Amino acid sequence: MTLVTLIVSDSWERVKGGAARLTAQLFGRRGSGGAVAAEQRSAEQELDQARTMGDPRTREGLRKRLGRDLEELLVPTAFADRALREERLRIAPLSELLREAVDPFAVVGGPQPLEWLETKRSAVLEVLRAVVRHKLYILYTPAWYLAEAYAVVLLYRRRTEYWHRELLELGIEAAEEAAARARTAGELTEAMAGEARLRSLLSRLLVDLGQYDGAREQLQKANARAEASGDLELRASVLEFFGRYLDIVDPPAAIEMYRRSLELNERAGQTRGIALVTFYLGCALGRQGDRRGAMVLLHRALEELEHRVEPDLRMAARVRVAIGLIHRDLGETEDAIIQLLAAVAALRAVADDM
């Protein structure tokens, strides 16, 4: 089944229709409508007219349209994110919304999630720009939900393109404004947590770009929001990103940061988080010359990542590369080759599933 066939199929219609019953409050409307891309230009024109003429009726119509567009993007984007990996830190509470919809990526012959996400880049950016630029505050919460869900592309496509930063910055602004307008403690905590998550992701992009001062600023803000949220898993994740920043600018300090993250993950019972931080800590120790200590941690991380209910073979391959390089540094050439070849095979298999 091709992507076009799937989109017009009954399954896709039920994705939209089932979700609509639950999203009236979130998106400020009832029912669902046409495709995002086809309506975006007229939506922008309509909003310009509304701003010029000050017509609240026109602005309300646009708000409903953008709310519909957000929903039509958010539901399948969230499914695509989960199709790539179910076990991942997420802040946006979308479980109930998705329970009432049909997963198009679970359909036989359905689209590959990462490929589908990349086809929606322009639509996602356009709707986020419209909501933020024109201060449609009632839509800021679903806007940052969408930014968080779509940010999974950045985890699998480690390119540093201009739109990566824009996506995260739009999501951060939406989350900040949602926090500022929160009506309950729960809404405030959720928005602050969403902001922290997006800022931590932005920090990694800035590190890749060599913008270390900007990365540190994002991490400091993310850490403050994460601590205020009280979410141990989120706090551990932010400290992990802090450690990866310190790996570049202050390698000895990275080791202590990873240990703090490891402690929080253990308190939160996050076994995958423990495995990831154990990997990064092992790498950091290896770079500081403690190769034997690093090897112990790396094998521990490999075991956990490969033998989970949902194995993380992509990260496990990265661990094997690290193990192979340490074997090389120790002069254990045969063992190094075995690990590196296993990593290449695993990465090829993972790429075929995306």
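Keep in mind it's a predicted model, so treat the numbers as computed, not measured.
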- Task: Examine distances only and state if a side-chain atom of Tyr140 and a backbone atom of Val132 form a donor-acceptor pair shorter than 3.5 Å.
- Result: yes
- Message: Taking Arg183's backbone N and O only, do any of them form a donor-acceptor pair with Glu187's side chain (distance below 3.5 Å, no angle check)?
- Response: yes
- Item | Any side-chain heavy-atom pair of Leu285 and Ile255 under 4.5 Å | yes
- Could you walk me through whether Leu264 and Gln270 pass the side-chain contact (heavy atoms from CB on, under 4.5 Å) test, one step at a time? CA-CA 9 Å; Leu264 288 176; Gln270 292 298 323; over 6 Å; no
- Message: Which residue in the set Leu154, Leu155, Val152 passes side chain to side chain contact (heavy atoms under 4.5 Å, CB included) when paired with Leu201?
- Response: Leu155
- Query: Given the rule that I, L, V, M, F, W and Y join up when any side-chain heavy atoms are under 4.5 Å apart, are Tyr162 and Leu168 in one cluster?
  - Reply: yes
- Side-chain donor-acceptor pair present, Arg235, Ser229, cut-off under 3.5 Å: no
- Is it the case that one hydrophobic cluster holds both Val277 and Leu246, taking links as side-chain heavy atoms less than 4.5 Å apart, direct or via other members? no
- List the atom of Ile138, the atom of Pro142, and the distance in Å for their closest heavy-atom pair. O-CD, 4.2 Å
- Message: Let's go through Tyr145 and Glu190 carefully: what are the C-alpha distance in whole Å and the side-chain angles of both, what is the deciding distance for side chain to side chain donor-acceptor pair (under 3.5 Å) to 0.1 Å, and is it a yes or a no?
- Response: CA-CA 11 Å; Tyr145 286 1; Glu190 177 189 283; 2.6 Å; yes
- Item | Test: Arg328 and Glu332 ion pair at under 4.0 Å | no
- So, do Leu276 and Arg272 sit near enough that their side-chain heavy atoms are less than 4.5 Å apart? yes
- Is atom CD of Glu310 surrounded by more than 12 heavy atoms (other residues, nucleotides or ligands) closer than 6.0 Å? yes
- Message: Could you measure the distance from the CG atom of Leu74 to the CG atom of Leu94? Nearest 0.5 Å is fine.
- Response: 5.0 Å
- Message: Does Arg90 have more than 12 heavy atoms from other residues, nucleotides or ligands lying within 6.0 Å of its CZ?
- Response: yes
- Can you measure from CG (Asp312) to CZ (Arg88) and round to the nearest 0.5 angstrom? 8.5 Å
- Using the salt bridge (charged side-chain N to carboxylate O under 4.0 Å, His left out) rule, take Glu115 and Lys120 through it: C-alpha gap first, then chi angles, then the decisive distance, then the call. CA-CA 9 Å; Glu115 292 178 1; Lys120 296 300 177 182; over 6 Å; no
- Task: First locate atom CG of Leu325, then atom CZ of Arg287, and finally report the distance between them rounded to the nearest 0.5 Å.
- Result: 10.5 Å
- For the side chain of Ser261 and the backbone of Ala236, is there at least one donor-acceptor N/O pair under 3.5 Å apart? yes
- Mind checking the OG-CZ spacing from Ser200 to Arg204? Nearest 0.5 Å is all I need. 11.5 Å
- Item | Within one Ile-Leu-Val-Met-Phe-Trp-Tyr cluster: Leu305 and Leu340, side-chain cutoff 4.5 Å | no
- Query: Looking at side-chain heavy atoms only, is the closest gap between Asp335 and Ile323 below 4.5 Å?
  - Reply: no
- Message: With a 4.5 Å cut-off on side-chain heavy-atom distances among I, L, V, M, F, W and Y, is there a chain of contacts connecting Leu146 to Leu170?
- Response: yes
- Message: Between Tyr150 and Arg121, is the side-chain contact (heavy atoms from CB on, under 4.5 Å) condition met? List the steps.
- Response: CA-CA 8 Å; Tyr150 196 79; Arg121 182 186 73 189; 3.3 Å; yes
- Query: Among Arg181, Lys221, Arg199, whose side-chain hydrogen bond (donor to acceptor under 3.5 Å, both in side chains) with Glu176 holds?
  - Reply: Arg199
- Query: So, the side chain of Glu148 versus the backbone of Ala92: is there a donor-acceptor pair under 3.5 Å, distance only?
  - Reply: yes
- Give a yes or no on whether Leu205 and Leu114 share a hydrophobic cluster (residues Ile, Leu, Val, Met, Phe, Trp, Tyr; joining criterion: side-chain heavy atoms under 4.5 Å apart). yes
- Heavy-atom nearest pair, Leu70 first then Ala143, reads CD2-CA, 4.1 Å
- Query: Of the non-hydrogen atoms in Leu128 and Ala147, which two are nearest, and what is the gap between them?
  - Reply: CD1-CB, 4.2 Å
- Where do Glu256 and Arg260 land on the salt bridge (charged side-chain N to carboxylate O under 4.0 Å, His left out) test, with the steps shown first? CA-CA 6 Å; Glu256 178 57 30; Arg260 289 173 56 193; 5.5 Å; no
- Message: For Tyr258 and Tyr280, take the angle between the two ring planes, folded into 0 to 90°, and tell me which bin it lands in: parallel under 30, tilted 30 to 60, perpendicular over 60.
- Response: parallel
- Message: Looking at every non-hydrogen atom in both residues, tell me the closest pair between Leu66 and Ala130 and how far apart they are.
- Response: CD1-CB, 3.9 Å
- Item | Closest non-hydrogen atom pair, Ala226 against Ala196 | N-CB, 3.8 Å
- Is there side-chain contact between His307 and Pro311, with heavy atoms separated by less than 4.5 Å? no
- Query: Of the non-hydrogen atoms in Val102 and Phe79, which two are nearest, and what is the gap between them?
  - Reply: O-CE1, 3.6 Å
- Task: Using a strict 4.0 Å threshold on nitrogen-to-oxygen distance, state whether Glu60 and Arg63 make a salt bridge.
- Result: yes
- Atom pair CG/NE2 of Leu330 and His327 - distance to nearest 0.5 Å: 8.0 Å
- Note, Tyr156 side chain near Arg85 side chain (heavy atom, < 4.5 Å): yes
- Task: Flag the pair Glu169 / Leu202 as yes when at least one side-chain heavy-atom distance between them is below 4.5 Å, and no otherwise.
- Result: yes
- Query: Can you list the steps and then say if Arg82 with Leu98 is a side-chain contact (heavy atoms from CB on, under 4.5 Å)?
  - Reply: CA-CA 11 Å; Arg82 285 155 177 78; Leu98 299 184; 3.5 Å; yes
- Message: When you measure from the side chain of Thr189 to the backbone of Ala185, do you find a donor-acceptor pair of N or O atoms at a distance under 3.5 Å?
- Response: yes
- Message: To the nearest 0.5 Å, what is the distance between CZ on Arg129 and CG on Leu167?
- Response: 10.0 Å
- Query: Any side-chain heavy atom of Leu234 sitting closer than 4.5 Å to one from Val238?
  - Reply: yes
- Indicate yes or no: at least one non-hydrogen side-chain atom of Leu206 is less than 4.5 angstrom from one of Tyr245. no
- Message: As a quick check of understanding, evaluate side-chain contact (heavy atoms from CB on, under 4.5 Å) for Arg197 and Trp144, giving each step before the final call.
- Response: CA-CA 11 Å; Arg197 176 62 172 163; Trp144 77 254; over 6 Å; no
- Salt bridge Glu240-Arg244, side-chain N to carboxylate O under 4.0 Å: yes
- Test side chain to side chain donor-acceptor pair (under 3.5 Å) applied to Gln211 and Arg216, step by step: CA-CA 9 Å; Gln211 299 178 16; Arg216 185 176 187 86; over 6 Å; no
